[in-house]
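Heads up, the thing below is written out as structure tokens.
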Amino acid sequence: MDRQAVVARPLLRVFTGLQPPDGVLEAIRIGDAAGVALYRALNVESPAQLRALGDAVQAAAMAGGHPTAIVAIDQEGGQLMGVGEPATQFGGNLALAAAGSIELVRQVGEAMGRELLAMGVNVSWAPDLDLATLPESPAVGARSFGDDPALAGAMGAATIAGLQGAGVAAAAKHFPGSGATLADPHHGLPVVTVSRETLEARELAPFRDAVAAGVRMIMISHAAYPALEPDGDATRPALRSPAILRHLLRDRMGFEGVVVSDALDMGAVDQSDVAAAAIDAIEAGVDLLLAGPGQVDRPEELADMVAALHASSAADVAAARVHELRRWLAGGVPPDLATVGCAEHVALARDLGRRSVTLVRDDARLLPVRTTDELRVAVITPTPTDLTPADTSSQVTLRLADAVRERHAATVAHQVTIDPSEAEIERAVGIARG
């Protein structure tokens, strides 16, 4: 069998449905795709359904003489959970950082990895190593381990150890770090304007730890970094930058794994010619192209990318790296589906929840609350909202008021929108006064 028959093109397919369409399975069989990227809104119904989906993908890869196909999903914890209940719902990175235990982080990573592998998923787009440099960033926020580079690096390395110890490839993101911007790459190209010295000391530090931990994949940021460009270009995204992908990540940091793009349907990518952007990325040093949900209804873009990849010599080098990743994935043995949401993992999630609770301030010394029959308690919470297209916060049901009400019957629950109006604020303050 010749090389082209076993080394698939470095592209992940997307589709709508609970089982892959025949066209997607055929692309995997003939080597036009290395696997699939799954999205909660498009592809997820239940653990058993996901396992059947993964089995179908692997059968297509085997029929074509390929190693284990990539089946990837966002399962960060917290506000980004590609698989909802009954999979165990772990707190996210900021909760882990608040709990303050490296061993707990590793245990959570391993538990998430075991559940993913049981459901037929072998790549998790995690951990997010962006720093919470700007807490109001819509694309980072609680997905970050915080603003301490050393802590983020140590916790990222522990997540990688947990996931990969369970047989699931981790993908540290979004290199070289996208916490220092208020722009959302889903809607346009952010520009990170901090100095090279700051980037080296701050944003890059967690990724150096990830490389040292043996992370199998690194996902590239959809942002521009003029301080890292020889010509100071503020319009060149990291996705298309040899200075960032080759000279920095490969040559200086010594990363030997797979470099994957973020979703190519995002606004930071020129949507008028996605195929050209994808090939520029491969030639700059990206190894694997991630199609996004927006491309499900634009199959001509995927066809153009496949055609261009067949004509690109750089794609052969990228495909070889992806091939080696797939050989590593073959070592993962899926646990029984009973692993998903098992009592041990639920207890671990509850332990994380308890240990992550943080008192920010109590200037009036109101805590602990000493309730009486006459006391009324108001619980005011923001309505869970998806801040980005990848976010899954809207799937969360808030239970805080119910928990308080179990202990004190005279509890009033009130929700405000994520960005409340003056009228909403006035209403909430009025409830609090009562």
Side-chain angles (χ1 to χ4, degrees), residues 14 17-20 35-58 70-96 99 104-128 142-143 158-171 173 293 329 332-356 384 386 388-399:
V14 290
L18 303 181
Q19 279 294 306
V36 296
L38 305 179
Y39 295 86
R40 181 167 176 172
L42 300 181
N43 311 116
V44 179
E45 180 184 67
S46 69
Q49 167 264 321
L50 265 186
R51 179 66 174 262
L53 186 159
D55 288 346
V57 170
Q58 299 307 340
I70 294 170
V71 181
I73 203 165
D74 269 305
Q75 193 78 344
E76 293 181 12
Q79 75 184 77
L80 199 55
M81 294 291 285
V83 187
E85 293 178 330
T88 308
Q89 302 299 286
F90 287 101
N93 285 356
L94 204 59
L96 288 164
L104 179 63
V105 176
R106 188 202 62 76
Q107 291 174 4
V108 169
E110 182 177 14
M112 293 178 75
R114 284 177 53 78
E115 294 198 7
L116 287 174
L117 202 59
M119 293 183 287
V121 177
N122 54 23
V123 170
S124 180
W125 303 130
D128 189 328
R143 295 171 64 188
T159 301
I160 291 162
L163 284 169
Q164 295 186 173
V168 170
K173 60 187 183 184
L329 293 174
V333 179
D336 189 272
L337 267 176
T339 302
V340 179
C342 66
E344 178 186 354
H345 292 173
V346 170
L348 183 63
R350 287 176 175 165
D351 184 40
L352 167 59
R354 284 191 295 268
R355 294 166 70 175
S356 69
D386 294 339
T388 73
D391 199 342
T392 59
S393 296
S394 63
Q395 304 292 320
V396 173
T397 299
L398 290 182
R399 300 187 176 98

### Query
Side chains of M119 and V44: closer than 4.5 Å at any heavy-atom pair?
no
### Summary
One should read off an interatomic distance between L329 CG and L117 CG, to the nearest 0.5 angstrom, of 9.0 Å
### Query
Taking side chain as C-beta onward, heavy atoms only, is N43 less than 4.5 Å from V14?
no
### Message
Salt bridge or not between R114 and E110? Use side-chain N to carboxylate O under 4.0 Å.
### Response
no
### Query
Thinking salt bridges, do R143 and D128 make one under a 4.0 Å N-O criterion?
yes
### Query
Pick from Q75, H345, E76: which one makes a side chain to side chain contact (heavy atoms under 4.5 Å, CB included) with M112?
Q75
### Task
Can you measure from CD (E85) to OG (S46) and round to the nearest 0.5 angstrom?
14.0 Å
### Task
Would you give the length of the straight line joining atom CZ of R106 to atom CG of L163, rounded to the nearest 0.5 angstrom?
11.0 Å
### Task
Nearest 0.5 Å please: distance from the CG atom of L50 over to the CG atom of L18.
8.5 Å
### Task
Please determine, by modelled atom types, if S394 and D386 share a side-chain donor-acceptor pair under 3.5 angstrom.
yes
### Query
Are T392 and Q79 side-chain neighbours, meaning at least one heavy-atom pair lies under 4.5 Å?
no
### Message
Do P384 and L398 make a side-chain contact, defined as non-hydrogen atoms from C-beta onward lying under 4.5 Å apart?
### Response
yes
### Message
Measuring only between side-chain heavy atoms, which start at C-beta, is V71 closer than 4.5 Å to V123?
### Response
no
### Task
Could you tell me the separation between the SG atom of C342 and the CG atom of L337, rounded to the nearest 0.5 Å?
12.0 Å
#### Entry: Test item: I73 and V83 side chains (from C-beta on) under 4.5 Å apart, heavy atoms
yes
### Query
Which heavy-atom pair separates E115 from T339 by the least distance, and what is that distance?
OE2-O, 3.6 Å
Output side-chain donor-acceptor pairs under 3.5 Å for residues 346-355, partner residues at least two apart or in another chain, one line each.
unit_1, atom_1, unit_2, atom_2, d
D351, OD2, R355, NH1, 3.1

